[in-house]
Trainee: 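Here it is, the structure, as structure tokens.
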Amino acid sequence: MDSRYNPADHEEKIYSFWEKSGTFTATSDSNKPPFSIILPPPNANADLHVGHAMYVYEDILIRYNKLLGKEVLWLPGADHAGFETQFVFEKHLAKKDQSRFDFDRTTLFKMIWDFVMKNRGTMENQLRRLGFALDWNKMKFTMDEDVVKIVHKTFKKMFDEGLIYRDLKLVNYCWKDGTSFSDLEVEDKEISETATVEAEGGLFYIDYKIVGESGTIQVATTRPETMFGDAAIMVNPSDIRYTGFVGKKALIPIINREIPIIADEYVDPDFGTGAVKVTPLHDFNDFEVAKKHGLKGPQIIGFDGKLCNTGSDVYNGLRVTVARLRIVTELNLKAVKHKKVLKVCYKCGMTLQPLPKEQWFIKVRPLADKAIEAVERGDMKIYPTRFKKTMIDWLLKFHDWNISRQIVWGIQIPAYFSKKENKWYVYETPPTAEEIEELRLEQDSDTFDTWFSSSQWPFVTLMAQENPNLFEKFYPTSVMETGYDILPAWVVRMTMIGLYVTGEVPFSKVLLHGMVRDSKGLKMSKSKGNVVNPMDMVSKYGADALRATLIFQSKEGGDVNFTEDKIVGMRNYANKIWNIGRFIWLGKQEKGEAPVISSETVSILKELQAEAETVIKKCSNDIDSFKFSRGFDDMYEFLWHRFADIYIEKLKDEIRSGNIEVLDALEKVYGECLKIIHPFMPFVTEAVWKEFYGMDSSILDTRLHNR
RNA sequence: GGGCUUGUAGCUCAGUUGGUUAGAGCAUUCGGUUUACAUCCGAAGGGUCAGGGGUUCGAGUCCCUUCAAGCCCACCA
């Protein structure tokens, strides 16, 4: 044995040993009790970031349960990450002076497909380098044919059962990226103090003439250019300043279109002038109010981000920001600084426009109610428990879910509009040529929101397998472990859709981990330059050290600050584990004479055994209750500062002289420690194991003592 | 506006159903180590557990409150 544990000498060899020996391969025909986790699929097209190393929690559970003798399955996957990937691809195109508009849909899709396939293996190998005990044979990609088929089937079922509807609603639309977003994808951007009033930091006052009178009514707005789309002016009914105005008509400046003046409680008399313009198709609140009052206004901003149908040839065709400046000048508008928050595209940063668009929506209420029942009933338990409240809160306020996206890279929605019958059809398998011709069908060009397909991931991955019994054996899965940041976007939706399709919760336990932050607790980001590359850390300190860094002295569900100091400490621990083994191993090479063992030694060994048994039991209980840090900390303390610093020091002479009885006793205790530490630090424990028991021997083939 | 989290050693953080003298890693100081490991060992200094109040025989831990920091969501004419 080398005097130091050098991870690079062992990790790759050990991983390929595991993979080749089939120890990660789950079978549906064993009698062992099942334990399954579906890996939250990383983006197929991107490198892992250090947050992905948090999946170590899953690996711990998988390896631990294997050591308990269960039939374990950890199923890997890759996500096509619709908009993310298309965005990256478009940047790639831009470098070649091309844009996605240079290609037709089919060509573009094929190009992105090839692009992703080329990059795909990277992420998978990075998961291997972290030591994750994934069952690679069962790997699924969210765009796999059999996956898509099941997603289509789900959509069809929902459509047939009336849970899907098509509706004209306002969506947050990025004209630059040419797609709409869900609320969760929208980012808020505060307008800086230095922003000019004219550009985006102002509140403008516009006078509308009253029809047939000489007076005017003044409204305050942050977006004067939307006045072309106005449907009304609205005041609070209790606002005595405007009592006489209600029921009259006002004229939109420049175009002189007549709109009514109405009253509604919605208006806050204390804001601006107390009178507000209503622009149904370009403001979310106005849309709702207009619906209530039966008001209609034109769409005056197009999907290209330019004005249209304004009633003024001068303004048609202008960009929103240009039009705003022009109006301000033309009407000589008074403006004041106004602090506000803009909704911007989380990718390109452009201001999003609320635009009216027909989209597919899921009626969420019936699904969410069932999910709430399941959580309340305890069919699904959530750890740390405080997230149960978060989960329920989200389910309570989840509104209808827009699943249409205007991008190419995704699963195209299997809905077809019949021009003959003027209605929509949904096909689980594509319609035949005859059907297309007969009904004059045209497929919706939109694709599903990525979350629509990934919300089906736990059952899809198990159903889309050659072995039809896997679903039966492993569903519902045992644990869903993921970051708390995607609880609303993902866990909530998986629960709803899983329950809907399979009638069972998709996982009986949800375990949430925190975010990995930099040494100061700040979020990692490229712009801050504080991003830690997990692969660099693995190369430098070993996978075990990286894994342990995320566990050691951390809080359940809490964020972890990554520091180089800590990973050094964990590398040292791996080396300590190795050297304890080495010391026992060296002793065994001595083949000393038949030992005489003192009664004092006997009692030391007894004490050690008892202490080890207690701490291992404790660690085991801690893993059972997802207190990984506590279990690991205890084993750290025990192995280093008790086993090595105290017991080995006391027995040093016996070890050096090769006292076989003492060595055997130590080896036994040490072996049990290796087993319980193995889930946390799989490589070094396996490496030592192989030194002791041969290269073909694996710690994963053993069982935890007393369990 | 609603919700959540955090405040413990110089720094980063653990601390279980309340129970002796509040712990670790790093950093600092001193000492040791030719033979498992310098990625080591031993020792030391360093804390009114954010402030205040309460419950209790007993509070870092439970309750109330104040202060401070961070995160999420909603609203934003």
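Throughout, protein chains are lettered first and strands after them, A, B, ... in sequence-line order, and every chain is numbered starting at 1. When reading the values below, keep in mind they use all heavy atoms of this one structure, side chains included, and skip hydrogens, waters and symmetry mates.
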Trainee: Which part of the nucleic acid, if any, lies within contact of Val267(A), taking any heavy atom under 4.0 Å across all strands shown: a base, the sugar-phosphate backbone alone, or nothing?
Mentor: base
Trainee: Under 4.0 Å, counting only non-hydrogen atoms across every strand here, what does Arg630(A) touch: a base, just sugar-phosphate, or nothing?
Mentor: base
Trainee: Measure CG/Asp2(A) against C1'/A36(B) and give the value in whole Å, please.
Mentor: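 Answer to the nearest Å: 13 Å.
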Trainee: Only pairs with both distances under 3.5 Å count, Watson-Crick or wobble alike; so what is the partner of C67(B) in this structure?
Mentor: G7(B)
Trainee: Describe the nucleic acid contact of Asp633(A) in one word from base, sugar-phosphate, nothing, applying a heavy-atom distance below 4.0 Å.
Mentor: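 If one applies the 4.0 Å heavy-atom cut-off, Asp633(A) turns out to touch the sugar-phosphate alone, with no base involved.
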Trainee: Identify the nucleotide, in any strand shown, that forms a Watson-Crick or G-U wobble pair with C40(B), with both distances under 3.5 Å; if there is none, say none.
Mentor: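 Answer to the pairing question: G32(B), which forms a Watson-Crick or G-U pair with C40(B).
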Trainee: Check every atom of C4(B), C75(B), G15(B) against the side chain of Glu556(A) and return the nucleotide holding the closest atom.
Mentor: G15(B)
Trainee: Can you say whether the rings of His513(A) and Tyr57(A) are parallel (under 30°), tilted (30 to 60°) or perpendicular (over 60°)?
Mentor: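 Answer is parallel, since the angle falls under 30°.
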Trainee: Less than 4.0 angstrom from a charged side-chain N to a carboxylate O is my criterion; do Lys277(A) and Asp286(A) meet it?
Mentor: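 Between Asp286(A) and Lys277(A) there is no salt bridge, as every charged N stays at least 4.0 Å from the carboxylate O atoms.
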Trainee: If you measure from the P atom in C40(B) to the same atom in A50(B), how many Å do you get, rounded?
Mentor: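 Those two atoms are separated by 32 Å.
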Trainee: Which of the following nucleotides, G15(B), C75(B), C37(B), is nearest to the side chain of Asp188(A)?
Mentor: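 Taking heavy atoms from C-beta onward, the closest nucleotide is C75(B).
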Trainee: Asn561(A) has a side chain; which of C72(B), C13(B), C37(B) sits nearest to it?
Mentor: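 Of the options given, the side chain of Asn561(A) lies nearest C13(B).
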Trainee: For the P atoms, the ones on A27(B) and on U20(B), what distance do you get once it is rounded to whole angstrom?
Mentor: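 Going atom to atom, P in each nucleotide, I get 31 Å.
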Trainee: Can you tell me the distance, in whole Å, between the CG atom of Asp645(A) and the P atom of U39(B)?
Mentor: 16 Å
Trainee: Whole Å only: how far is the NZ atom of Lys650(A) from the P atom of C41(B)?
Mentor: 17 Å
Trainee: Rounded to whole Å, please give me the gap between CD in Glu187(A) and C1' in C72(B).
Mentor: 14 Å
Trainee: Would you list the pairs meeting salt bridge (Lys or Arg N to Asp or Glu O under 4.0 Å) in which at least one residue belongs to residues 514-526 of chain A, sequence neighbours left out?
Mentor: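 The answer is Arg517(A)-Asp559(A).
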Trainee: Check every strand shown and say whether Thr563(A) touches a base, only sugar-phosphate, or nothing at a heavy-atom separation below 4.0 Å.
Mentor: nothing
Trainee: For Lys627(A) and for Glu649(A), locate the closest nucleotide of RNA chain B by heavy-atom distance; then report the residue assigned to the nucleotide nearer the 5' terminus.
Mentor: Lys627(A)
Trainee: Can you check the distance between A22(B) and U48(B), where both ends of the measurement are the C1' atom (answer in whole Å)?
Mentor: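 Per the computed distance, 13 Å lies between those C1' atoms.
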Trainee: Run the ring-centre check on Tyr5(A) versus His10(A) and record whether the distance is less than 6.0 Å.
Mentor: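 Under 6.0 Å, so yes.
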Trainee: Can you check the distance between U5(B) and G23(B), where both ends of the measurement are the P atom (answer in whole Å)?
Mentor: 28 Å
Trainee: Could you state the atom-to-atom distance from CG of Leu586(A) to C1' of C37(B) in whole Å?
Mentor: 11 Å
Trainee: Report, one pair per line, the protein and nucleotides 22-27 of chain B atoms (nitrogen or oxygen only) whose separation is under 3.5 Å.
Mentor:
unit_1, atom_1, unit_2, atom_2, d
A24(B), N3, Gln553(A), OE1, 2.7
A24(B), N3, Gln553(A), NE2, 3.4
C26(B), O2', Asp565(A), OD2, 2.7

Trainee: With nearest nucleotides of RNA chain B determined for Pro488(A) and Gly581(A) from heavy-atom distances, which residue corresponds to the more 5′ nucleotide?
Mentor: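 In this pair, the answer is Gly581(A).
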Trainee: Between C37(B) atom P and Tyr647(A) atom OH, what is the distance in whole Å?
Mentor: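 In whole Å, C37(B) P and Tyr647(A) OH are 23 Å from each other.
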Trainee: Applying a 3.5 Å limit to both distances, which nucleotide forms a Watson-Crick or G-U wobble pair with U16(B)?
Mentor: none
Trainee: Between Phe284(A) and Phe287(A) (judged by ring centroids, cut-off 6.0 Å), do the two rings come close enough to count as a pair?
Mentor: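 Between Phe284(A) and Phe287(A), the centre distance exceeds or equals 6.0 Å.
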Trainee: Parallel, tilted or perpendicular for Tyr670(A) and Phe692(A), by the 30°/60° rule?
Mentor: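 Geometry flag for Phe692(A) against Tyr670(A): tilted rings.
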Trainee: Is the phosphate of C11(B), meaning OP1 or OP2, less than 4.0 Å from a side-chain N or O of Lys520(A)?
Mentor: no
Trainee: Rounded to the nearest Å, what distance is computed from the NZ atom of residue Lys389(A) to the P atom of nucleotide C72(B)?
Mentor: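 From Lys389(A) NZ to C72(B) P: 18 Å.
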Trainee: Just to be sure I understand the rule, does Phe562(A) reach a base, reach only the sugar-phosphate, or reach nothing, if contact means heavy atoms closer than 4.0 Å?
Mentor: nothing
Trainee: If the threshold is 4.0 Å, N to carboxylate O, is there a salt bridge linking Lys343(A) and Glu187(A)?
Mentor: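 Answer for the salt bridge query: no.
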Trainee: Phosphate oxygens OP1/OP2 of A36(B): is one of them under 4.0 Å from a side-chain N or O of Arg656(A)?
Mentor: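 For Arg656(A), the contact criterion (side-chain N or O under 4.0 Å from OP1 or OP2 of A36(B)) is met.
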Trainee: If the P atom of U21(B) is compared with that of C11(B), how far apart are they to the nearest Å?
Mentor: 27 Å
Trainee: Compare the minimum distances between each of C72(B), G42(B), A36(B) and the side chain of Lys652(A), then state the nucleotide with the smallest one.
Mentor: A36(B)
Trainee: Mind checking the P distance from C63(B) to C71(B)? Whole angstroms is fine.
Mentor: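 It works out to 25 Å between them.
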Trainee: How far does the P atom of A14(B) sit from the matching atom of G52(B), given to the nearest Å?
Mentor: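 Comparing P positions in A14(B) and G52(B) gives a spacing of 24 Å.
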Trainee: Taking CZ from Phe284(A) and P from A74(B), how many angstroms apart are they, rounded to a whole number?
Mentor: 11 Å
Trainee: Between Phe271(A) and His338(A), is the gap from one ring center to the other below 6.0 Å?
Mentor: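 That pair passes the under 6.0 Å test.
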Trainee: For U39(B), take OP1 and OP2 only and decide whether either is under 4.0 Å from a side-chain N or O of Arg4(A).
Mentor: yes
Trainee: Is the charged tip of Arg4(A) near the ring of Trp578(A): under 6.0 Å from the six-membered ring centre and within 45° of its axis?
Mentor: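 Output no; distance or angle outside limits.
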Trainee: Tell me which nucleotide among C72(B), G3(B), C37(B) gets nearest to the side chain of Lys523(A).
Mentor: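 In terms of side-chain proximity for Lys523(A), the closest of C72(B), G3(B), C37(B) is C72(B).
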Trainee: Quantified in whole Å, what is the P atom distance between nucleotide C64(B) and nucleotide G18(B)?
Mentor: 16 Å
Trainee: Pick base, sugar-phosphate or nothing for Lys277(A), based on heavy-atom distances below 4.0 Å to the nucleic acid.
Mentor: nothing
Trainee: My understanding is that only residues two or more places apart in sequence, or in another chain, count here; which of them pass salt bridge (charged side-chain N to carboxylate O under 4.0 Å, His left out) with Lys576(A)?
Mentor: none
